[in-house]
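All values below were derived from every heavy atom in this structure, side-chain atoms included, with hydrogens, water molecules and symmetry-related copies excluded. Just so you know, these numbers come straight off a predicted model, no measurement behind them. The sequence lines fix the lettering, A, B, ..., with proteins before strands; numbering per chain opens at 1.
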Amino acid sequence: MAGDTANVAAIAGVAVRIVPEIVALVRSFHTAANPNAPTPTDAEVLEGLRQAVSSSIAKDDAWLAAHPEPK
Amino acid sequence: MLTLHHRRSLAISAYLIAAVMTLAAPLVAVSCAHPSPNLSPVGVRAFYATRAVNVLDVVRDTAIAAEAATPKLLSTSSTRAVVEWHRAAVAAAGATPSGWEATVLASLDGVERNLEPPERAVLAPYFALVRAILQEAR
């Protein structure tokens with residue numbers, strides 16, 4: 001029983017941490033679909049991609065550094 | 001009487017239902033969101049690539065959160081595999097003008113295959129979202 005509660009709590013904990021991210025993702029998609037949204041230029045879109053890639057990879061590297069492969 | 005295994009399976013199933021319902025919203029939004037008409041082909045590819053990176057980040061963050069949970073929903077070695085796959089996928093999306101989608105989809109199949117079934121179940125809805133986004137970008 002205690003193990004079941006722990007498993008459900010763990011799953012709920014993951015959901016709580018991820019749902020805000022999914023909400024932000026939906027908002028970004030909705031903004032792109034909004035006809036009144038400002039229209040970015042090629043340069044702005046490319047810069048947005050560059051920043052997204054850079055920050056994403058930085059987070060990967062931070063996690064990998066904190067969790068090295070056991071030797 | 002349900003065994004511990006069955007109870008855990010039910011808990012994971014409940015989580016999957018909630019995750020699928022939560023992820024249905026982005027899938028609906030994807031069908032409505034298109035790149036601005038003023039963008040050149042380069043800008044359009046960057047638009048889809050940025051969207052793919054955002055979705056890939058959700059997969060990575062879910063894996064990390066699952067590994068950090070108590071008890072772990074994803075082993076550290078499986079999470080490392082997901083993070084390393086994510087890093088390569090994001091780098092490809094940012095560096096390659098086109099064609100990276102097929103490479104990422106193929107590598108995603110490999111990552112998913114190497115996960116244990118319960119771990120695969122935790123990440124399945126997010127993998128499905130990645131596939132939907134990448135198919136649209138191709």
Side-chain angles (χ1 to χ4, degrees), chain A residues 1-70, chain B residues 4 7-8 10-12 14-15 18-19 22-23 25-26 28-40 42-44 46-47 49-51 53-58 60-62 64-73 76-77 79-80 83-84 86-87 90-91 93-95 122 126 129:
Chain A
M1 279 303 263
D4 302 336
T5 305
N7 286 336
V8 172
I11 291 167
V14 170
V16 165
R17 288 169 72 170
I18 294 303
V19 163
E21 199 168 331
I22 294 174
V23 168
L25 192 65
V26 172
R27 280 190 175 149
S28 71
F29 289 167
H30 178 72
T31 299
N34 187 346
N36 296 322
T39 53
T41 63
D42 273 358
E44 288 167 338
V45 173
L46 287 166
E47 177 59 20
L49 173 60
R50 190 196 65 78
Q51 288 183 8
V53 168
S54 175
S55 64
S56 185
I57 288 179
K59 191 168 178 180
D60 288 334
D61 289 344
W63 189 91
L64 290 170
H67 300 80
E69 195 149 6
Chain B
L4 175 62
R7 287 197 192 110
R8 186 154 197 260
L10 281 174
I12 290 178
Y15 168 77
T22 305
L23 289 167
V28 171
V30 159
S31 65
C32 304
H34 299 289
S36 299
N38 60 302
L39 293 177
S40 71
V42 171
V44 168
F47 169 87
T50 304
R51 192 152 74 180
V53 169
N54 291 335
V55 173
L56 289 168
D57 286 352
V58 173
R60 185 267 318 274
D61 293 342
T62 301
I64 288 176
E67 192 271 345
T70 305
K72 286 186 189 300
L73 297 174
T76 304
S77 62
T79 304
R80 188 177 301 110
V83 173
E84 288 173 345
H86 170 273
R87 193 187 192 287
V90 166
V122 170
Y126 305 97
L129 182 58

*Could I get the full list of side chain to side chain donor-acceptor pair (under 3.5 Å) partners for B:Thr76, not counting sequence neighbours?*
B:Glu67

*Taking all non-hydrogen atoms of both residues, which atom of B:Thr50 and which atom of A:Gly48 are closest, and how far apart?*
OG1-C, 4.4 Å

*Looking only at non-hydrogen atoms, find the nearest pair between A:Pro40 and B:Asn38 and report the distance.*
O-ND2, 2.8 Å

*Specify the closest pair of heavy atoms between A:Thr39 and B:Ser36, including all atoms of both residues, with the distance to one decimal.*
CA-OG, 3.9 Å

*For A:Asp60, what residues pass the side chain to side chain donor-acceptor pair (under 3.5 Å) criterion, not counting sequence neighbours?*
B:Arg60, B:His86

*Let me see the working for B:Thr62 and A:Glu21 under side chain to side chain contact (heavy atoms under 4.5 Å, CB included), right down to the final yes or no.*
CA-CA 10 Å; B:Thr62 301; A:Glu21 199 168 331; over 6 Å; no

_Proximity breakdown for B:Ala95 and chain A, heavy-atom pairs closer than 4.5 Å_ = neither

*Side chain / backbone / both / neither for B:Ser77 at chain A, heavy atoms under 4.5 Å*: neither

*Region of B:Val53 that comes under 4.5 Å of a non-hydrogen atom in chain A*: side chain

*Among the options B:Asp61, B:Thr70, B:Asp57, B:Asn54, pick out the one with the most heavy-atom pairs lying under 4.5 Å from chain A.*
B:Asp61

*Under a 4.5 Å heavy-atom cut-off, does chain B meet the side chain of A:Glu44, its backbone, both or neither?*
neither

_Can you give me the closest heavy-atom contact between A:Asp42 and B:Gly43, atom names plus distance?_
OD1-CA, 3.3 Å

_Option in B:Ala65, B:Gly94, B:Ala69 with maximal non-hydrogen atom pairs under 4.5 Å from chain A_ = B:Ala65

_Expected output: side-chain B:Arg80 to main-chain A:Pro68 donor-acceptor under 3.5 Å_ = yes

